[in-house]
> 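Handing you this structure, nothing more for now.
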Amino acid sequence: MADYKPQTVEKKWQDRWRDARAFEVTEDPKKPKFYCLEMFAYPSGHAHVGHVRNYMIGDVVARMKRMRGFNVLHPFGWDAFGLPAENAAIKNGTHPETWTLENIAHMKGQLQRIGISYAWDRELATCLPGYYRWNQWLFLKMLERDLAYRRRSSVNWCPSCNTVLANEQVINGECWRCGSTVTTRELEQWFFRITKYADELLAAAESLDQWPEKVLTMQRNWIGRSEGARLKFDIVPAAGVPAAGSIEVFTTRIDTIYGANFILLAPEHALVQEWARAGGEAFQAALKKFQGQDRTARMTGEIEKEGFDTGRTATNPFTGQPVPIWVANFVLGEYGTGAVMGVPAHDQRDFEFARKYQLPVTVVIRPKDGGAPASDILTEAAESDGVLVNSGPYDGVASDEARARLTGDARKRGIGEGTIQYRLKDWGISRQRYWGTPIPVLYCDKCGMVPEKYENLPVVLPKIAEFSGRGDSPLAQIPQFVDATCPQCGGAAKRETDTMDTFVDSSWYFLRFCDPHNERVPFDPKTVAYWGPVDFYSGGVEHAILHLIYSRFVTRVFRDIGMTTLDEPFSRLLTQGMVLNTGQVMSKSKGNVVDPDDMIQQFGADALRLYVMFVAPPEKEIEWTDAGLEGSWRFLARVWRIVDQLSETIGGEGIPAPGSQQLNDEERALRRKTHETIKRVTVDLDPRVHLNTAVSGLMELVNELYAFCNRSRCLVVGRSTEEDARVGVIERAGTVAVLKEAIEALVLMLSPFAPHMAEELWEALGHTGGVVAAGWPAFDPEVAKASEVTVPVQVNGKVRARLLVPAETSDEALRALVLADLQVAKHVEGRTIIKVVIAGAGPNRLVSIVVKT
RNA sequence: GCGAAAGUGGCGGAACUGGCAGACGCGCCGGACUUAGGAUCCGGUAGCCGUGAGGCUAUGGGGGUUCGACUCCCCCCUUUCGCACCA
C-alpha cells in the first residue's frame with residue numbers, strides 16, 4: 001500500500017457503492033428494520049458544512065445499524081417547492097423548475113462525495129407531479145372529512161414574499177423565510193383543521209420520551225391548552241337600542257367573577273364593528289388607531305394599554321350589577337371569544353387598565369393565610385388562588401372549588417359552560433404563489449366549490465414563461481389553467497389559483513419514502529407498516545413547531561383515513577447543533593460558508609466527517625476550525641500507517657484467534673483495551689449517539705496500539721533507515737493474534753465515521769465483502785476483565801493513595817491492605833478512625849476512610 | 001416578565017445511575033530522526049508552593065446534604081434559546 005490519499009480511495013468506494021446499489025433495501029420480515037432519516041433538503045444551490053453535518057450524523061447511525069444486522073432504510077429527497085426558486089426566476093429569468101433541478105443535481109453530487117449512504121433509488125422531489133399529486137389526493141381526502149375548509153379571515157401577509165403565512169411561520173412578527181415584518185390581510189383562504197387534533201397532539205407529546213424536552217415544551221406552549229369557562233353577560237338595553245343581546249367571554253378565573261368590574265372587547269369583535277358604525281367620530285378614530293396596532297407593532301416593546309368606553313353596559317350574571325363595556329387594544333380578537341371580563345383586582349392587565357381609566361377595583365380573593373388587602377392599597381393585581389370574599393354565596397370557598405361550582409351553576413342557569421381553549425389555530429395552507437402544489441378544487445357558477453375528481457389528478461402545474469413578481473397568484477394569469485370544466489356538471493368552471501404551503505409537502509414525505517414509486521396511492525399501507533415509524537430522525541430545532549407539529553398532525557390524518565396505524569411519525573428526534581464560523585451561523589450573505597467540496601479536496605470526506613463528529617456532541621453547535629479538521633486528518637493518516645505496516649503480517653490466512661494463544665501480560669493488556677473499546681464505542685453510538693466520545697475511544701485504542709508496537713518493536717514508526725526497517729518482525733504468534741483482533745475491531749468501528757478508508761483498509765487486510773458483511777465487532781466481557789485493579793483510597797474525602805490489588809480481593813482483605821499501606825498510614829497516624837467505607841463493586845471499588853484528629 | 005437549558009484548563013470538550021476532575025483532540029513546550037522539517041514517532045502541558053517526594057487550591061459565586069458533590073437541594077450571578085398582553 002501507499003500513503004493515505006483520500007481522494008483516490010474515496011472515489012473508488014463511492015463508485016463501488018453506486019454500482020452495487022449498496023444501500024438499496026426492500027422489506028424483509030426476517031430482519032429487524034431501522035428507519036433512519038434526516039430532514040430532507042431545500043435545494044438552495046450549494047450545501048455548506050452547516051447543512052451536511054446533519055446528514056453525516058444520520059449516516060453514522062445508519063451505517064452502524066447496518067453493521068449491527070438491521071435492515072436500514074436511509075433515504076433522501078428534496079423539499080423542492082418554495083419561494084426562492086420563484087424569486088430566482090424573477091431575478092434571472094430561469095424557470096423555477098430549471099433552477100431547482102440544477103440545484104438538486106449539484107447538491108446530490110455533494111452528498112455523494114461526502115459518502116452518505118442513501119438509498120438513492122427512493123429519491124424524491126416534491127416539485128414533481130409524481131409526488132405532489134398525492135398532496136392533492138390528501139387534500140381531497142381531508143376535504144371529504146371536513147379537515148380542509150375555506151373561509152375568509154384575517155391572515156398574516158408577508159409583503160416581501162407576496163403571500164400568506166401560517167401562524168407557525170411568523171417568528172416574532174417576521175416572516176420565517178425572509179424576515180420582513182408581517183402585516184395582516186382579509187382573504188378567502190384554505191385551512192387544515194389541525195385544531196381538531198390539538199388535544200391528541202398535546203396528550204401524545206407525553207409518549208415522545210426520545211424527543212428533546214425543549215421541543216416538546218415548545219409544542220406544548222404552541223398548542224397552549226387552557227381550561228376555563230365561557231360565560232354570557234347580557235347587554236343592558238340602551239336608549240334607542242332595543243335589541244340588546246349578550247356578550248360571551250372566556251375566562252380561566254371564573255372564581256373571580258364577583259370582581260368582574262367591566263367587559264373588554266377586542267377591536268375586531270363583531271359588536272364593536274357594529275357599534276362603531278353607529279358611534280361617533282371619537283369611537284371610530286379610537287378603533288382605527290387600535291387596529292393599526294397589530295401584533296407586529298408590539299414586538300419592540302409593550303405598547304400602552306388603551307381603551308375606549310363604548311358607553312354601553314352589560315350585567316354581571318352573578319352580581320347582577322351593570323358593568324361598562326370597553327374596547328381594549330390588548331384584547332386579541334382571534335383568541336377565545338374576543339371578549340374578556342375585566343377583573344382588575346386579580347389580573348395585572350385589567351389592574352393597569354382600571355387604574356388608567358379610574359374604574360372600580362373589587363377584591364374578591366383573599367390569600368389562604370392572610371387578610372384581605374383593601375383595594376386602595378393594591379399596587380398590583382393579586383393573581384394567586386385563594387379563598388373567595390365579597391362573593392355572595394361563594395364566600396369562603398377556595399378558588400379551585402369555586403371554579404367548579406361557579407361553572408356548574410352557570411351551566412344550570414344556561415349562561416355558560418366549562419370549556420377548553422387552545423392557542424393553536426387552524427393551519428392556513430393557501431399561498432398566492434406559483435411554485436407549489438395546485439389546490440385541486442374548482443369554482444363553478446352553478447355548483448359552487450367543486451373538488452377535482454381523483455382520476456383527474458394530478459392537477460399539473462402549468463409552465464409559465466415569465467415571472468413578474470406581482471402580488472396576486474401567478475396562476476390566475478394563465479387562462480389555460482384557470483378555465484376548466486366543472487367535474488360535477490360539465491359546465492365552465494374556474495380553478496383555484498392558490499397553491500399549497502410547502503409544509504404540506506414535507507408533512508408526509510417520510511411516509512412516501514416507504515413506497516416512493518407507487519402510482520396508485522400515496523403509499524402501500526403494508527410498506528409503512530413495515531418501515532414506520534422513523535426510528536431516528538434528525539434535523540434543525542427551527543422546525544420544532546413547524547414541520548414537526550404538521551407532521552404529527554398529518555400522520556394522524558393518514559391514520560384516520562386508514563392508511564396507517566401509526567400515531568406518531570418519529571420515535572426518536574435529535575436536533576443537531578448549527579455550525580458557526582467566526583462566531584456566526586454559516587450563510588451565504590455573511591460570506592462565512594465552508595464548502596464541503598473544498599475541504600474534501602484538501603483532506604478528504606472521511607476527515608471532514610470525522611472532524612464534524614468529533615468536535616462536539618451532535619446536539620451542540622460547533623465552531624469551525626481548519627486546525628481541528630487537520631487534526632482529524634492526522635488521526636486517519638495515523639490509522640492508515642499502522643494498518644499499512646501490519647497488514648501483511650496480520651492480514652494473512654490461518655491466523656489463530658487470540659483466545660487460543662498463550663498471551664503475555666502486554667498482549668493480554670492490549671486485548672483488554674480492544675474489548676473495553678468495543679464496549680465503550682458501541683454504547684456511545686447506540687443508544688447514546690455520543691459520537692464525539694465514540695471517536696475519542698477509537699483514538700485511545702490507536703494510541704494504545706502505537707504504544708504496544710513501540711514497546712514490542714514490531715512496527716517501523718517515524719523512520720525509514722535501513723537499520724530500522726529490520727525492526728518490524730513479529731515473532732510471537734500471540735502478538736500477531738492480538739494485533740489482528742485490535743486492528744480489525746478498530747477498522748470496523750471506524751467505518752461509520754470514515755467509511756471509505758475503512759473499506760479500503762478492510763480490503764487490504766485480506767477481506768472481501770465489505771464491513772457490513774463483517775458485522776459489528778463483538779464484545780467479550782471475560783476478556784475485558786482486568787486481573788489487577790487500582791483502588792483509590794480517600795482520607796476525609798481526599799485521594800491519598802492508590803493501591804494495585806488483585807481484582808478478586810474481598811472487601812475484608814482490601815480493608816486490611818489499605819490500613820496496612822504506608823502512604824495511607826501517613827494520613828491516618830495519630831488520629832482516630834471513625835469509619836471505613838468500601839464503595840462500589842468489582843473493579844470499580846473505592847475506599848474512603850474518615851478520621852478525627 | 002415567564003419558561004427551558006447551560007456555566008469545567010489557553011481552546012473544543014470528557015467524567016454513564018453521587019465514587020480517582022480535566023479522557024480525546026487543538027494549541028503550546030521539549031526530545032528523537034533528519035541537509036531540513038510545518039512530516040513522523042516519543043514525552044510534557046489546570047493554577048500555586050516545592051530541587052524532589054509531595055502538598056495546597058480548583059468544575060460561575062455562596063450555603064447545605066453526604067464517608068464522598070462537576071453531578072443532588074436552596075439562594076445569587078452570567079450566558080444561550082424559546083414564549084412574549086392567550087384573559
Side-chain angles (χ1 to χ4, degrees), chain A residues 3 171-173 212-218 220-222 224-226 228 249-253 256 264 295 298-299 302-303 305 328-332 334-337 339-343 346-350 352-353 383 421-424 541 544-545 611 614-617 619-623 625-632 634-635 637-638 641 680 683-684 688 690 692-700 702-703 706-707 709-710 715-721 724 790-799 801-802 823 826 834-840 844-851:
Chain A
D3 284 352
I171 314 291
N172 288 338
E213 196 50 45
K214 175 189 174 138
V215 172
L216 293 175
T217 305
M218 284 167 73
R220 285 189 197 106
N221 292 342
W222 187 258
R225 183 181 196 270
S226 292
V249 301
F250 172 73
T251 178
T252 55
R253 290 299 303 273
T256 63
L264 299 174
R295 320 196 91 198
R298 301 183 186 130
M299 291 310 154
E302 267 196 37
I303 61 160
K305 291 176 179 45
N329 63 345
F330 62 91
V331 177
L332 304 171
E334 71 271 29
Y335 182 77
T337 60
V340 299
M341 60 186 212
V343 185
H346 306 293
D347 181 285
Q348 187 59 26
R349 294 156 301 184
D350 298 344
E352 287 167 27
F353 192 81
E383 296 187 327
Q421 189 67 46
Y422 295 95
R423 295 176 61 182
L424 183 71
V541 73
I545 48 173
Y611 163 64
F614 173 64
V615 70
E619 296 85 352
K620 261 200 90 156
E621 64 183 28
I622 60 178
E623 173 76 30
T625 64
D626 289 345
L629 174 58
E630 218 178 310
S632 291
R634 272 204 295 272
F635 169 71
R638 195 165 146 88
R641 275 191 299 276
R680 176 174 162 194
V683 174
D684 275 353
R688 298 176 75 196
H690 287 199
N692 55 327
T693 53
V695 174
S696 69
L698 295 174
M699 288 171 166
E700 278 186 56
V702 171
N703 291 344
Y706 269 85
C709 289
N710 282 320
L715 181 63
V716 184
V717 284
R719 57 195 77 178
S720 56
T721 63
D724 284 336
T790 306
V791 179
V793 181
Q794 295 183 337
V795 178
N796 283 358
K798 284 192 175 137
V799 177
R802 286 165 227 273
Q823 197 45 247
K826 246 168 64 182
I834 295 172
K835 67 166 139 177
V836 178
V837 180
I838 297 183
N844 294 320
R845 280 179 295 181
L846 172 146
V847 181
S848 184
I849 304 171
V850 190
V851 297

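By convention in this document, chain letters (A, B, ...) are assigned in the order of the sequence lines, proteins followed by strands, and residues within each chain are numbered from 1.
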> Looking at every strand, decide which applies to A:Arg845 at a 4.0 Å heavy-atom threshold: base, sugar-phosphate, or nothing.
nothing

> In whole angstroms, how far is the C1' atom of B:A23 from the CE atom of A:Met699?
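Rounded to the whole Å, the gap is 12 Å.
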
> Once you apply the 3.5 Å cut-off to both distances, tell me the Watson-Crick or G-U wobble partner of B:U34, or none.
none

> May I ask which nucleotide in the shown strands pairs with B:C24, Watson-Crick or G-U wobble, both distances under 3.5 Å?
B:G12

> When the distance from CD of A:Glu383 to P of B:C85 is rounded to whole Å, what number comes out?
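Taking atom P of B:C85 as the reference, CD of A:Glu383 is at 14 Å.
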
> Heavy atoms only, 4.0 Å cut-off, all strands: where does A:Asn844 land among base, sugar-phosphate and nothing?
nothing

> Say you pick atom C1' in B:G7 and the same atom in B:G13; how far apart are they, in whole Å?
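Roughly 14 Å separates the two C1' atoms.
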
> For a quick check under 3.5 Å, do A:Thr790 and A:Arg845 share a side-chain donor-acceptor pair by atom type?
no

> When you measure only distances, ignoring hydrogens and angles, does the side chain of A:Arg253 come within 3.5 Å of the base of B:A87 through a donor and an acceptor?
no

> Using the side-chain heavy atoms of A:Ala839, tell me which of these nucleotides is nearest: B:A15, B:G19, B:C86.
B:G19

> For a quick check of understanding: with a heavy-atom distance under 4.0 Å over all strands, which category does A:Gly631 fall into, base, sugar-phosphate or nothing?
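A:Gly631: backbone/sugar contact only, no base atoms under 4.0 Å.
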
> Students often get this wrong, so: under 4.0 angstrom with heavy atoms, is A:Asn796 touching a base, only sugar-phosphate, or nothing?
nothing

> Flag this pair as yes if the NZ/CZ of A:Arg423 is under 6.0 angstrom from the six-membered ring centre of A:Tyr335 and inside a 45 degree cone about the axis; otherwise no.
no

> Starting the side chain at C-beta, find the nucleotide from B:A87, B:C41, B:A23 nearest to A:Glu700.
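Closest of the options to the side chain of A:Glu700: B:A23.
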
> How long is the line joining OH of A:Tyr611 and C1' of B:G13, in whole Å?
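Atom-to-atom, A:Tyr611 to B:G13, this comes out as 12 Å.
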
> Please tell me which of the listed nucleotides, B:C67, B:C86, B:G12, lies nearest to the side chain of A:Ser848?
B:C67

> Indicate, with a heavy-atom threshold strictly under 4.0 Å, whether A:Ala627 touches base, sugar-phosphate, or nothing.
sugar-phosphate

> How long is the line joining OH of A:Tyr335 and C1' of B:C83, in whole Å?
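Whole-Å distance recorded here is 14 Å.
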
> To the nearest Å, give me how far apart NZ (A:Lys826) and P (B:G54) are.
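Nearest whole value for this atom pair: 7 Å.
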
> Between B:A14, B:C41, B:C24, which nucleotide has the shortest distance from any of its atoms to the side chain of A:Ser696?
B:C24

> Find the partner of B:A53: check Watson-Crick (N1-N3 plus N6-O4 or O6-N4) and G-U wobble (N1-O2, O6-N3) distances, both under 3.5 Å, and reply none if neither fits.
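When the pairing criteria are applied, nothing turns out to pair with B:A53, so the answer is none.
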
> Using atom C1' of each nucleotide, how far apart are B:C11 and B:A46 to the nearest Å?
13 Å

> Give A:Gln794 one of three labels, base, sugar-phosphate or nothing, depending on what nucleic acid heavy atoms sit under 4.0 Å from its own.
base

> Output the rounded distance in Å from CD (A:Glu623) to P (B:C26).
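These atoms are roughly 18 Å apart.
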
> Say you pick atom P in B:A5 and the same atom in B:A53; how far apart are they, in whole Å?
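It works out to 45 Å between them.
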
> For the P atoms, the ones on B:G3 and on B:C86, what distance do you get once it is rounded to whole angstrom?
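Going atom to atom, P in each nucleotide, I get 14 Å.
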
> I need the CG-C1' distance between A:Leu332 and B:C83, as an integer number of Å.
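Computing the A:Leu332:CG to B:C83:C1' distance gives 14 Å.
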
> May I ask you to establish whether A:Lys305 and A:Phe353 are in a cation-pi arrangement, using a distance under 6.0 Å from NZ or CZ to the six-membered ring centre and at most 45° from the ring axis?
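Cation-pi check for A:Lys305 and A:Phe353: fails.
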
> Among the nucleotides B:C86, B:A14, B:C42, which one has an atom lying closest to any side-chain atom of A:Tyr706?
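Within the option list, the nearest is B:C42.
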
> Nearest-Å distance, CZ (A:Phe635) to P (B:C24)?
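Computing the A:Phe635:CZ to B:C24:P distance gives 12 Å.
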
> Would you mind telling me which of B:U40, B:C67, B:C86 lies closest to the side-chain atoms of A:Ser226?
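Looking only at side-chain atoms, A:Ser226 lies closest to B:C86.
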
> Classify every nucleotide of nucleotides 2-8 of chain B by which part a protein heavy atom approaches to under 4.0 Å, writing B for the base, S for the sugar-phosphate alone and - for neither, in 5'-to-3' order.
-------

> Got A:Val851 and A:Ile834 here, is their nearest side-chain heavy-atom distance under 4.5 Å?
no

> Which nucleotide wins on minimum distance to the side chain of A:Thr252, given the candidates B:G82, B:C41, B:A87?
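Comparing B:G82, B:C41, B:A87 against the side chain of A:Thr252, the answer is B:A87.
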
